Amino acid sequence: KFTFARKLMAAAACAAVMVSPVQAAEKVHKLKLAETWPTNFGVFSEPARRMADLANKMSNGRLEISIDTANKHKSAFGVFDMVRAGQYDMGHSASYYWKGKVPNTLYFTTMPFGMTATEQYGWFYYGGGMELMQKVYEPFNLMSFPGGNTGVQMGGWFQKEINTVEDLEGLKMRIPGFAGEVLAKLGANPTNIPPGELYTSLERRTIDALEWVGPSMDLRMGFHKIAPYYYTGWHEPATELQFLVNKRTFDKLPADLQEILTTAMRVAAYDMTIQSHHESGMNWATMKAEFPNVQVKQFPPEVIQALSKANDELLAEHAANDELAKEILDSQAEYMGVVRQWTDIADRAYLNSFE
Ligand code: PYR
């Protein structure tokens with residue numbers, strides 16, 4: 001007899017049978033990511049791996065992201081082009097490396113005398129920064145997301161002391177981004193060199209000085225063995241790395257996987273920001289104890305004033321030359337103008353209130 005209960009069971013079994021082909025058809029999306037960084041590159045190697053792991057677990061295995069370091073693809077500064085062309089689906093790099101290709105990408109890493117990491121994250125996520133970044137990247141079939149922040153960077157490793165503005169003239173320094181242009185205005189010769197080649201360039205004196213990151217990364221690079229002076233920073237107060245995503249790849253993902261990928265990138269970026277501060281703290285203590293000969297210096301006020309003046313002039317030039325550059329720079333300046341007042345009352349006043 002076909003009872004009601006049996007009918008229900010049959011319906012349930014039928015439903016189960018109907019679900020399973022759907023589950024079987026649940027596609028695994030395999031994405032490939034290219035990093036600018038070499039293999040085993042400390043804190044910078046973390047965000048891509050953490051993001052891939054999180055995305056895989058949160059999607060129950062439906063997102064599989066494999067990672068190639070620069071040792072594999074041999075093109076540290078080719079990441080933009082490779083992701084744009086779809087040779088890779090994703091990248092992990094830094095936006096200011098692309099200024100020679102797309103000048104307006106320059107403003108989404110960090111700016112000399114600009115926002116701190118907390119302020120800049122506020123600008124990205126609540127102050128219109130993300131929208132402006134997408135406006136710059138979208139014409140290139142790309143999306144860009146924050147990829148982890150180093151915090152305030154050290155001003156770099158120098159063979160000779162910088163006592164006057166004249167000491168910058170003719171100085172060959174590895175320094176990317178807007179800061180490089182500021183230094184050029186004061187007569188220095190800035191250049192960008194892939195991270196894997198920095199030590200050799202300074203050791204062989206192809207360059208006189210370099211800035212890389214700060215103790216979180218610099219100690220493992222060994223710069224303290226080949227340059228005596230370690231200057232504090234002015235040029236990169238909040239260096240934000242970058243996840244690049246090929247827009248066509250992203251658009252083809254189901255909506256839930258898009259959300260999972262975006263969340264995984266955001267968590268991985270946040271985590272690197274914390275880890276950078278931690279590693280810098282630990283490594284700073286180690287450096288002071290084990291390498292007491294490293295001379296920590298500040299640029300004299302006269303030099304900082306000249307850098308700041310050149311920076312202001314360059315900002316005005318960039319804004320005058322390009323409408324979108326002006327929109328981005330105005331947005332950053334307005335945001336910082338408001339938020340810095342709070343930073344002053346909160347962080348600055350707190351730190352200044354005691355020794
Ligand atoms: C640099 O290239 O200098 C970074 O800090 C990422």
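In each ligand, atom 1 is the first atom listed, and ligand 1 is the first ligand listed. Predicted, not measured: the structure shown is a model, and the values here were computed from it. We use all heavy atoms of the structure for the numbers below, so side chains are in, but hydrogens, waters and symmetry mates are not.
Nearest protein heavy-atom contact of atom 6 (C) of ligand 1 is Y97 OH, 3.3 Å. Considering only non-hydrogen protein atoms, atom 5 (O) of ligand 1 sits nearest to Q153 NE2, 2.9 Å.
Of all the atoms in ligand 1, the ones that sit under 4.0 Å from a non-hydrogen atom of V213 are 5 (O). For ligand 1, the atoms closer than 4.0 angstrom to any heavy atom of T239 are 5 (O). Short contacts between ligand 1 and R174, defined as distances under 4.0 Å to a heavy atom of the residue, involve ligand atoms 1 (C), 2 (O), 3 (O). Within ligand 1, the atoms closer than 4.0 Å to a non-hydrogen atom of E236 are 5 (O), numbered from 1 in the order shown.
For an aromatic pair to be called close, the ring centres must be under 6.0 Å apart, and F223 with W212 fails this. Residues H92 and F44 place their aromatic rings such that the two centres sit no closer than 6.0 Å. Remark: aromatic rings of Y231 and F158 are close, center separation under 6.0 Å. Aromatic ring centroids of W98 and Y137 lie 6.0 Å or more apart.
Residue nearest to atom 4 (C) of ligand 1, selected from W37, F44, Y96: Y96 (by heavy-atom distance). With E211, H235, Q242 as candidates, the residue nearest to atom 3 (O) of ligand 1 on a non-hydrogen basis is E211.
Proximity of P176 to ligand 1, defined as any heavy-atom pair under 4.0 Å, is confined to the side chain (atoms from C-beta onward).
A distance-only check finds a donor-acceptor pair linking the side chain of T105 to the backbone of V102 [under 3.5 Å]. Of the possible donor and acceptor atoms, one in the side chain of D89 sits under 3.5 Å from a partner among the backbone N and O of K32. Distance alone, capped at 3.5 Å, is enough to place a donor-acceptor pair between the R174 side chain and the E211 backbone.
Note on ligand 1: M217 sits outside its first shell, no heavy atom being nearer than 4.0 Å.
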